[in-house]
Every structure is written in C-alpha cells, then in structure tokens.
Amino acid sequence: MWQKFINDLMLASQEIISEVAKFLPRLLVMLVLVLVGYVIAYLLKSVLRSILRLTKFDKLSEHAGATQLLNKAALPSSTELLTRLVFWVAWIGFLLAGASVLGIGGMQEHVGHFFGFLPRLFAALFVFFFGLLAASFFSRAALLAAVNADLPSSRLIGITVRTVIIVFSVAMGFEELGLAEHTVLVAFAIVFGALMLGLALAFGLGGRDLARKYLERRFLHGENEEREDELSPL
Amino acid sequence: MTRRSLLPEESILSDDFLRELMNVGEVDILIGVPTYNDANTVGTVVQAVRAGLLQYFPRQRAVVINADGGSKDATRDLVRAASISDLHHPSGMTALRTLHCISTQYSGGVESGKALHTILAAADLLRARSCAVVAPDSIHIEPVWMKGLLDPLHNSHVDLVTPLYRRHKFDGLLVRNLIYPLVRALYGKRVREPNPTEFAFSSRLAVQFLNQHPWTQDAGRDGTEISLILTALEQDWPIAQVFLGEKSRTEHAPTDLVRAMRQTVGTIFWSLEQNFSAWSSRSGSSPLPTSGPEADVDLEPIRVNRKRLWEMFARGVAELEPVLKSILSPATLAELQRAAAKEEEFHFSDELWVQTAYEFAASFHQEVISRDHIVQALVPLYRGKAYTFLTENRDASGEQLEAGIEALCQTFEQKKPTLLELWEGTK
C-alpha cells in the first residue's frame with residue numbers, strides 16, 4: 001500500500017517535472033518574444049514618429065480638424081496618439097504570439113482573430129481620418145463660397161457639409177470594422193434622409209419668404225430698383 | 001543671352017498654326033490678341049492695331065496673332081478677315097510689307113495663361129523683336145496706343161512697357177488698394193498697373209519668361225500677365241510706363257471677385273515663395289520712367305451700393321471667424337471684429353489693412369490651410385477696405401485721391417519688416 005503510494009507520488013512528480021521541463025522552454029520563448037516584441041514595437045514607434053514629423057502629419061491633422069477634437073478630449077497630439085497605437089498594437093501582437101506558444105487552449109484562435117482584425121482596424125482609422133480631412137476641407141470651401149456669394153446662413157451650410165461627410169465616414173469606418181453594420185447603415189440613411197427632409201422643409205416652408213426675396217434680388221434686380229454702376233476691381 | 005527656340009515637337013502650337021507661322025517667316029513686331037466670344041469688339045480692336053502699325057511702323061514686318069479660347073461667335077472670322085488692303089490712311093500712306101493676321105484656337109478651355117503661352121511661343125518661333133498684347137474688348141483703343149507701347153522698346157532700351165489709363169476714381173479698387181501698393185512695397189518699383197490688359201515686351205524678356213514660367217503647373221495657368229510683370233520686377237528688367245488713354249469703366253469688370261482675387265493676389269502670394277531673395281532684400285520704392293500723366297482720374301459721380309459692401313464685409317467677418325482664426329493673429333482678428341461691429345463708426349485704417357494683407361501673405365507661405373481658401377477668405381475683408389475707400393473719397397478730387405493712395409503705399413512700405421518677421425515666424 002505504502003509502496004504504491006510512493007510509486008504514484010514519484011510518477012506524479014516525474015510527470016510534473018516533465019511538464020515543467022516541457023513548459024520552461026516555451027515560457028522562455030514567450031519571454032524572448034515579449035522582449036523582442038517590445039524592442040521592435042519601440043523601434044516601430046520611433047521610426048513612425050520620425051516619419052510623421054518629417055511629413056508634418058500634425059499639420060495635416062490640424063487641417064483635418066482632428067487636432068481640435070483631440071485637444072477637446074484632453075488627448076495627446078495625433079502623431080503621439082498614432083505612434084502609441086502602433087506601439088501597443090505591435091507589442092500586444094507579440095504578447096499574443098508569445099501566449100500562443102505556451103499552448104493554452106483556445107489561445108491560437110484568439111491570436112488569429114486579433115491579427116485578422118488589425119487590417120480592418122487600420123482601414124477604419126484611415127477612412128475616419130481622411131473623412132475628417134475631407135469634412136474640414138469641403139465644409140470650409142462651402143462656407144467660403146457661400147459667404148462670397150452672399151448666401152444667407154453660410155455657416156449653417158458649412159456645418160451641414162461637415163456633418164454629412166463625418167457621419168458618412170463614421171458609417172464607412174464602422175462598416176469596415178464589421179460593427180453593427182446594418183444598424184449603422186440604417187442609422188446613416190435615417191440621419192441623411194432626415195437632414196435632407198429637414199432642409200427641404202426649412203427652405204420650402206420656413207425660408208419661403210427669404211427664398212422669394214433672394215430670388216427677386218437675384219433675378220428681378222433690374223426691374224425693381226434702379227441699377228447701380230458696376231465697379232471693376234481690376 | 002542665348003536664345004533657345006522651341007522645337008516643333010516640344011511646342012504647344014498646333015501643326016496648322018505652325019504651318020501658318022512658317023509661311024509668315026521672321027517678323028519685327030508681333031501683336032497678340034487673346035479672345036473668347038469677343039465678336040462685338042474685336043473687329044474695332046484689330047482695325048485700330050492695324051491702323052497703328054501702318055501709321056507708325058510701315059517699314060516693320062508685323063503679324064497679329066489671335067489666340068482664341070474656343071469662341072462660339074464670329075470672333076475668329078473677324079480677325080481672319082482683317083487685311084491691310086482695305087485700310088486707307090488719311091495721309092495716303094500704304095504699308096510697305098504685308099500685315100499678316102493669324103487666328104488659332106488653343107485647346108483645353110479658356111485660360112489667360114494658355115493664350116499668352118501661345119502668343120509667346122509664336123513670338124519666339126518668328127523671332128519677333130518686340131511684342132505687344134492688346135485686350136480684345138478695349139473699345140477706346142486708338143492707333144497711337146501701338147506707338148506708345150512699342151516705341152520705348154525700340155528707342156529707350158526698355159524690355160517691358162506697362163500702361164497707364166484715364167480711369168474712373170472708383171474703378172480698379174483692388175488694384176488701387178492692394179495690388180499696386182503691395183507690388184510696389186515688395187519689389188520697390190512703382191508699376192501702377194501690375195495686372196495690365198495691354199502691355200509690350202522685348203523678345204529677350206519673352207524668351208526668358210517662356211522658359212522660366214511653370215506653364216504646366218496650376219500656379220502657372222492663371223494670372224500669367226501679372227506673373228510676367230513680377231518676373232520682370234524680380235529680375236530687374238528695365239521697365240517703362242506709358243499713358244495710353246481712357247479705359248472704359250465696365251470693360252474687364254469680372255463678375256466674379258473671387259476669380260479676380262485668385263488671378264492677382266493669389267499669383268502675387270505665390271510669387272513671394274519663388275522670389276524670396278529678391279523681394280526680401282528691397283526697401284522703399286522708386287518711380288519708373290513714365291510718358292504722360294501718371295494718374296488721370298475721371299470724377300463723374302456714380303451710384304454705388306456701399307451699404308451692400310459693408311453688409312458683405314460684416315457678415316464675412318462674423319461667418320468666417322473659424323477660418324480667419326487660422327489665418328490672422330488674435331490681435332488683428334479682434335481689431336477687425338471691433339471695426340465690423342457698427343457701420344457708422346467703421347473705418348478700415350491703412351495700418352489694419354496692411355497688417356491684414358501681410359498676415360494673409362505669411363499664412364499663405366506657411367500654408368496654415370488650403371492656399372486657395374486663404375485667398376478666398378481675403379475677399380470679404382477687401383470689401384470692407386473698398387467700403388472705406390468709397391466713403392473717404394466720395395467727394396475727393398483727383399489730387400486727394402492720389403494722396404490717399406500714396407499714403408497707403410507708404411504704409412505698405414514702412415510695414416514691410418513686419419511681413420519679413422511674419423514670414424520667418426519670428427512674430
């Protein structure tokens with residue numbers, strides 16, 4: 001009885017030692033991967049930061065209006081934010097790769113999902129950033145054109161253009177991420193439709209008099225009042 | 001200076017046009033007439049040009065080149081129909097040489113840059129000694145304008161002749177309030193019409209400009225006339241001014257002020273980038289050799305809606321606040337907003353206008369936002385300055401008007417160091 005207990009204990013101990021002996025190299029590999037991953041992620045971060053500084057990414061981000069958004073949310077500059085994101089994504093990638101080496105059940109699948117998700121995450125960020133850039137550019141262009149054409153509510157026109165482009169790019173970004181695709185699309189369609197209907201009603205009913213005055217001033221100018229002399233700027 | 005003629009394969013000229021030019025052979029004088037749907041006036045202009053050449057340059061080999069942007073009316077037929085045989089000069093003088101009139105249509109739509117490019121390339125190919133460009137809608141043109149424009153090139157060793165006109169005191173407000181003072185302060189020469197519709201230049205300057213100008217870039221397609229003047233100023237080519245006569249008030253009145261601003265101020269701002277070493281080292285200004293009165297103004301009273309100008313200025317300052325914030329310093333913007341608060345107390349001072357213009361130029365250089373947007377944002381502010389100009393000079397005489405413009409020019413010159421500080425980011 002006692003001898004059997006000793007034998008089982010020895011067997012169990014040998015198995016534990018054997019498992020630990022098998023596990024230790026994997027742990028070592030994981031630690032090496034984590035360490036190497038940290039170094040690579042840090043290098044990536046430094047290289048990316050230099051590239052972004054050289055290409056004046058902060059200026060581009062300022063033009064896009066992203067810097068103002070980040071400032072309002074008390075977040076660091078867009079260069080800093082992007083480099084940190086790349087650092088963490090790269091390092092987490094190595095951490096997960098290291099964890100998968102340990103042979104923990106189901107980990108491989110999670111790692112696969114993570115790496116499969118990365119391109120979509122970057123595509124969504126790319127779409128969102130360039131959406132902001134386009135929104136800023138076209139809203140400013142619309143505002144300037146409206147002011148110089150002496151249209152009423154110029155700023156409203158600019159804000160509308162900006163909102164529509166941002167909503168559109170957010171919808172595209174979410175679609176890219178695969179998050180609530182149908183909900184986002186339906187929400188976008190509702191918002192866009194409501195906006196257009198609202199504008200149509202506003203101009204058709206609320207702005208009826210304003211529109212009439214504007215059209216009269218624009219097209220019946222000569223008939224209603226004495227024509228002024230034209231001034232040539234050049 | 002070595003002369004580099006364009007080879008046919010690198011020329012922008014069409015084969016048919018090249019053939020016509022080769023039939024003409026070398027010429028002494030080339031007159032360019034850029035057109036687009038100008039059938040109502042181009043006939044008068046070409047007749048005056050031909051009469052001028054016959055009367056004042058009968059021994060010279062001359063050609064009139066019409067660069068057309070795709071007219072839908074009879075513009076090109078009218079130019080083509082021109083022939084020296086149907087002209088009769090009162091003195092009984094006849095031309096000793098055939099005067100050729102050639103019309104060509106450049107591709108790609110109406111662009112002043114393409115028209116001038118075509119004229120310059122033709123002048124280079126024909127080895128014209130002197131060239132002049134005449135606007136197709138200058139209804140007051142006289143034959144003597146040809147003598148005025150071309151004589152200084154032949155007799156006074158100048159390479160560029162710019163015009164002076166008799167204009168209404170409220171005509172050319174952008175030129176008087178911004179373009180002339182700014183160009184004068186930057187390049188140190190008092191060119192009264194830096195964006196001329198009539199001007200003449202030597203073959204040397206034509207070849208230099210033809211080879212240097214970035215014709216294929218966006219910046220090279222608009223405002224080419226002012227660009228040629230700026231090139232001559234930057235490189236210190238000898239320039240003279242000639243009084244031509246009356247310039248009708250509504251001729252050339254562009255319906256689009258934004259376009260006028262892009263063509264002129266946009267081109268000046270762009271040239272600052274290219275010519276920093278030339279303009280940054282100059283201070284003060286000197287007059288140019290001038291024939292005739294430098295400033296001749298028409299004081300006839302006219303109806304102008306100043307209130308609308310004011311409203312567009314005040315609304316522009318209010319609505320464009322987020323855009324102006326990225327272009328102007330907080331102090332200048334605050335001063336503009338204060339000024340725009342009440343029409344009765346509004347006065348756009350010379351100092352504020354100059355500071356505004358220089359901050360716009362520096363922002364254009366630093367590209368704080370899209371450069372085209374910067375130029376567009378200046379339009380409502382210019383309306384404010386135009387309002388002040390009209391109010392101040394409602395009853396002004398010609399001398400008082402000139403004194404006001406001179407004071408503005410002096411302010412531009414005195415504050416030029418501010419532009420340099422803003423440019424280098426030290427202010």
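Within every chain, numbering begins at 1; the chains are lettered A, B, ... in the order of the sequence lines, protein sequences first and strands thereafter.
Heavy-atom distances place no part of B:A386 under 4.5 Å from chain A, backbone and side chain included. Interface remark: B:L390 contributes side-chain atoms only to the contact with chain A (heavy atom separation under 4.5 Å). For B:T264, the part lying under 4.5 angstrom from a heavy atom of chain A is the side chain only.
Considering only heavy-atom pairs separated by less than 4.5 Å from chain A, the leading option among B:N195, B:N177, B:V368 is B:V368. Counting heavy-atom pairs under 4.5 Å between each of B:V379, B:V323, B:I369, B:D372 and chain A puts B:I369 at the top.
The side-chain hydrogen bond (donor to acceptor under 3.5 Å, both in side chains) check on B:Y382 picks up nothing, with sequence neighbours excluded. Scored by the salt bridge (charged side-chain N to carboxylate O under 4.0 Å, His left out) test, B:R167 finds B:D171, B:E193 as partners (sequence neighbours excluded).
Ring centers of A:F94 and A:Y38: at least 6.0 Å apart, outside the cut-off. Taking the centre of each ring, B:F364 and B:F360 stay at or above the 6.0 Å mark.
Within the cation-pi definition used here (under 6.0 Å to the ring centroid, within 45° of the axis), B:R383 does not qualify as a partner of B:F313.
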